[in-house]
Structure formats: structure tokens, C-alpha cells
Amino acid sequence: MQFDYLKTECSMKKWMLLLTVWTGILLFGTEAYAGQLIYDGVGHYYAYDENTYHVGWLQLGDDWYYFEENGYARHGWVTEDGKDYFLSYLDSKMVVDLTFTIDGVICRFDSDGVCTRLPGDYEGWMKNEVTWYYRLSDGTFLGDGWHLIDDTWYYFDDEEYMVTGMITDGGETYYLDEDGAMVHDVSLTFDDMIYTFGSSGALIKKEKVWPYKEIAVDIPDEEKSDLRKTVDGMADSILSAITNSTMNRRQKAEAIYAWVRGNFRYTGHSATRDWVEEAYQGFRKRHGDCYTYFSVSQALLIRAGIPCIEVCRSTDNDHWWNLVQSDSGNWYHFDTTPRRLGGYFCMWTDQQMHDYSVSHGNCFEFDRSLYPPTP
């Protein structure tokens, strides 16, 4: 917010008029005023001490005031350099970013408080100190229901004010953003819940925010690195030979498990802890450690359309496997890394992993709070 009296080209006379106080030293610009805004039953005034008051424009926080020669804050109009400003009758603050009628004239105030007077047949958005509303050219206002404005749906209450937030209408739930526009084809999160709104704007799904580790899913090609695209091609080539469109997620997961187990050799070391890079190295060399097995499995699972999550052993953070989701939505453990004592760790439950882990040196200990539970 800047007024002309702060500009270097302003006249000395105007500078003195606006920043003069009856006595004392004025602080202005970015410095803090060492005074207090007081209401004495007659009006507001700004006192520096018992006998010193501010005269002229004054900014306090985000609000501007204009104090008369007698020290009291003005109400109503102030004209400066051909520009009109309006000070509220309620609290003496300069009106900004509002459009409403004053003395029968439609007045629009910008962010600097400058008023533009609109024609009497004005049709469009208006805003008072409560919220937005919409005026028609005949002087009436939209209200009490849905209205389509510039290809966007808005909802107005029976007092003709624009509504925001969650509403229920006709048995359906809708969400109106901070600008009042009805949202659609989007998911929004409020209070640990995810709300998904369809193409009509109506709520189609409500679910808790995912409280666990991130699910690994495929991403758009334009977001992929060249290496990621190469790994995808390697995975697709393998999947075309071991899966088909008639298979469900469990069947595809079992086929992936069998292929990795049958085509990789455990060597006890890997090249990196970047799963895409390690999957690439694994597809090329066909050997590695548990991180290689995990990475190759994840690359295949993702391209097969099976959501999966990285699981890491909690005792030493030195063993990795996958958690995969079946068609039913249930999650299961999926560890393709071979063990000397054997074992088929495909689509196992938490209890199965725990029982095996207890009898085998806590090999599958993990922090259950980080992962969705299995059946």
C-alpha cells in the first residue's frame, strides 16, 4: 500500500500536512509508531502521549486510518490527488478490496483503497465485509441455490451470499473452494480424510488419508528418466512372456516371484540403493543381494499394475522385500530373496512373517506401524 505522499515527488506542503502531529517527534515509513489507538466514546484517536496525537494518514498493521486536525479518525470519504477513498463508519478503517453500494452508488475499492464508481446497470460480482454476492443489471441478486457463472457453478444461500466449503444439496455432497467455485474431478484432503469429487461435482468417495509408507505405482512417461524408461522396457519384455490379460494380481505376482527366483543368483552385494538403478543392474547381470531382488521385483510389479510398498527390516535396516496388494485390496508380503534353508515367501501374511522371523533370528522383523496390515 503506497499513497502519493510517500513518493519523492510529493510537495513539502502535503508531506507536512499529512504527517504533522500537534507536538513531539513523528515516526513514519517502516518504523514502528510509539503510540496507541484509543476509543474514548466519541471516536478513535492515536495518541503518542497525553498531549500528542496523530494527524493525517496512518497505517497500523494492514489497516489505514485518516485522523482529522482534532485528532479523531475520519469516517466517510477522503479525496487525495483526484482519488477517492472511503473510511468505514464502523471502525474508521480504509475500505480495500470491496465492492458495494454507498448512497445508492456502486463503488469498487481496489487493494490500495482507490474507489471506482460503477454504472447503475452494473452486473457482476460484489463483495462487502461479509463475503461475495452477485448483482444482476436490474439491481437484484442471485440467491438460494446453484447458479452457473462463466461456465462455473456457484451456490448462494437464502441471504444471497456466495457459499464456500462443504455443502449437501439433494442428498449429494459438494465442495466449493475459497473462491466459491464448485470443484470436480479432484481429490482433496481435510482432517485426515480424502474426499474425491466426480465430474458432476458430487462426492463419489471418502476415505482416510494413507497413514503408511508411500505406495510405488507407475508414473506418466513424461515424468520418467531415460533410465526409468529403459527399466520399464526390460520389465515389459519379461512380463509379456510370463503373464497375460486373463491373470489376476495374485497370479501375476506368483509368476513374477517364480521368474525372479528362477533367473537370479544371490551374491551378497548390490551396486546402489537407488531402486531404479539397481533394477537396471539386476536385469543386466541377473545377480545381486536382497536389494537387487527387491528392486527387480518392484520394477516388474509396477509394470504389471500391482501396487507395492518397500519393506525394510527394522532390526538393522539391511534387508528389503515388497508388500503387494491383491485384487481384493488386501496386502501381502512378497520376498523373492532366496534363503539357505529354503522357503516360499510369496503372498504371506504378517503372522506368517512373524512366526518365521521368531524362529529364524528375527529375519523379518519390521515396524508394523509403517505398513498396512495383512489379513
Side-chain angles (χ1 to χ4, degrees), residues 210-243 249-250 252-326 331-339 343-348 350 353 357 363-372 374:
W210 184 251
Y212 308 112
K213 288 182 69 173
E214 183 179 2
I215 299 174
V217 294
D218 212 355
I219 59 176
D221 285 343
E222 59 268 21
E223 298 178 17
K224 295 179 180 178
S225 64
D226 290 340
L227 182 62
R228 177 72 181 267
K229 293 177 182 179
T230 299
V231 169
D232 285 352
M234 293 174 163
D236 291 346
S237 178
I238 294 164
L239 289 170
S240 66
I242 64 174
T243 64
R249 284 183 181 177
R250 175 179 282 272
K252 289 180 180 179
E254 290 173 342
I256 291 169
Y257 189 94
W259 185 88
V260 176
R261 272 293 188 91
N263 288 274
F264 276 75
R265 176 171 54 89
Y266 186 83
T267 58
H269 61 84
S270 54
T272 179
R273 286 294 180 264
D274 178 278
W275 80 264
V276 176
E277 173 66 27
E278 191 56 33
Y280 174 74
Q281 297 296 337
F283 281 131
R284 288 182 61 247
K285 300 177 180 178
R286 303 296 173 90
H287 63 73
D289 65 4
C290 62
Y291 194 78
T292 312
Y293 281 80
F294 151 77
S295 300
V296 168
S297 297
Q298 178 156 287
L300 292 166
L301 290 165
I302 290 174
R303 293 302 287 177
I306 303 174
C308 52
I309 302 173
E310 175 193 278
V311 185
C312 186
R313 185 166 61 203
S314 59
T315 54
D316 58 3
N317 297 319
D318 200 31
H319 181 62
W320 289 265
W321 66 94
N322 311 87
L323 199 66
V324 301
Q325 187 180 45
S326 68
W331 292 87
Y332 296 92
H333 294 272
F334 185 93
D335 188 357
T336 54
T337 304
R339 293 188 171 274
Y344 183 76
F345 313 106
C346 180
M347 309 301 282
W348 273 29
D350 289 342
M353 297 293 278
S357 182
C363 62
F364 286 140
E365 285 300 307
F366 63 97
D367 183 351
R368 293 197 181 194
S369 68
L370 299 177
Y371 309 96
T374 67

Contact check, side chains of [X] and [Y], non-hydrogen atoms, under 4.5 Å:
X: Leu239; Y: Ile256; result: yes
X: His319; Y: Phe366; result: no
X: Phe334; Y: Cys308; result: no
X: Val324; Y: Arg249; result: no
X: Trp210; Y: Pro372; result: yes
X: Met353; Y: Trp321; result: yes
X: Thr272; Y: Tyr280; result: no

How close do [X] and [Y] get, heavy atom to heavy atom, and via which atoms?
X: Ala279; Y: Val231; result: CB-CG1, 4.1 Å
X: Trp320; Y: Asp335; result: O-OD1, 4.0 Å
X: Arg313; Y: Asp318; result: NH2-O, 3.7 Å
X: Cys363; Y: Ser357; result: N-OG, 3.2 Å
X: His287; Y: Thr292; result: O-CG2, 3.7 Å
X: Trp331; Y: Leu323; result: CZ3-O, 3.6 Å

Side chain [X], main chain [Y], donor-acceptor under 3.5 Å:
X: Tyr212; Y: Arg368; result: no
X: Arg261; Y: Thr336; result: yes
X: Lys213; Y: Glu310; result: yes
X: Tyr293; Y: Tyr266; result: yes
X: Glu278; Y: Val296; result: no

Spacing of [atom1] belonging to [X] relative to [atom2] belonging to [Y], to within rounding of 0.5 Å:
X: Phe345; Y: Asn322; atom1: CZ; atom2: CG; value: 14.0 Å
X: Asp236; Y: Arg303; atom1: CG; atom2: CZ; value: 4.0 Å
X: Ile306; Y: Ile215; atom1: CD1; atom2: CD1; value: 13.5 Å
X: Leu300; Y: Tyr257; atom1: CG; atom2: OH; value: 14.0 Å
X: Met347; Y: Ser326; atom1: CE; atom2: OG; value: 5.5 Å
X: Ile309; Y: His333; atom1: CD1; atom2: NE2; value: 10.0 Å

Output yes when Asp274 and Arg228 qualify as a salt bridge under the 4.0 Å nitrogen-oxygen rule, no when they do not.
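Salt bridge: no.
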Can you tell whether the side chains of Lys224 and Asp218 come within less than 4.0 Å, N to carboxylate O?
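Looking at Lys224 and Asp218, the cut-off is met.
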Please check if atom CD in Glu223 has more than 12 non-hydrogen atoms from other residues, nucleotides or ligands closer than 6.0 Å.
yes
Could you check whether Arg250 makes a cation-pi contact with Tyr332, meaning its NZ or CZ is under 6.0 Å from the centre of the six-membered ring and within 45° of the ring axis?
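The answer is yes, since Arg250 meets both limits relative to Tyr332.
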Quick one: does NZ or CZ of Arg339 land under 6.0 Å from the six-membered ring centre of Phe364, within 45 degrees of the ring axis?
yes
Measure from the ring center of Trp275 to the ring center of Tyr291 and say whether it is less than 6.0 Å.
no
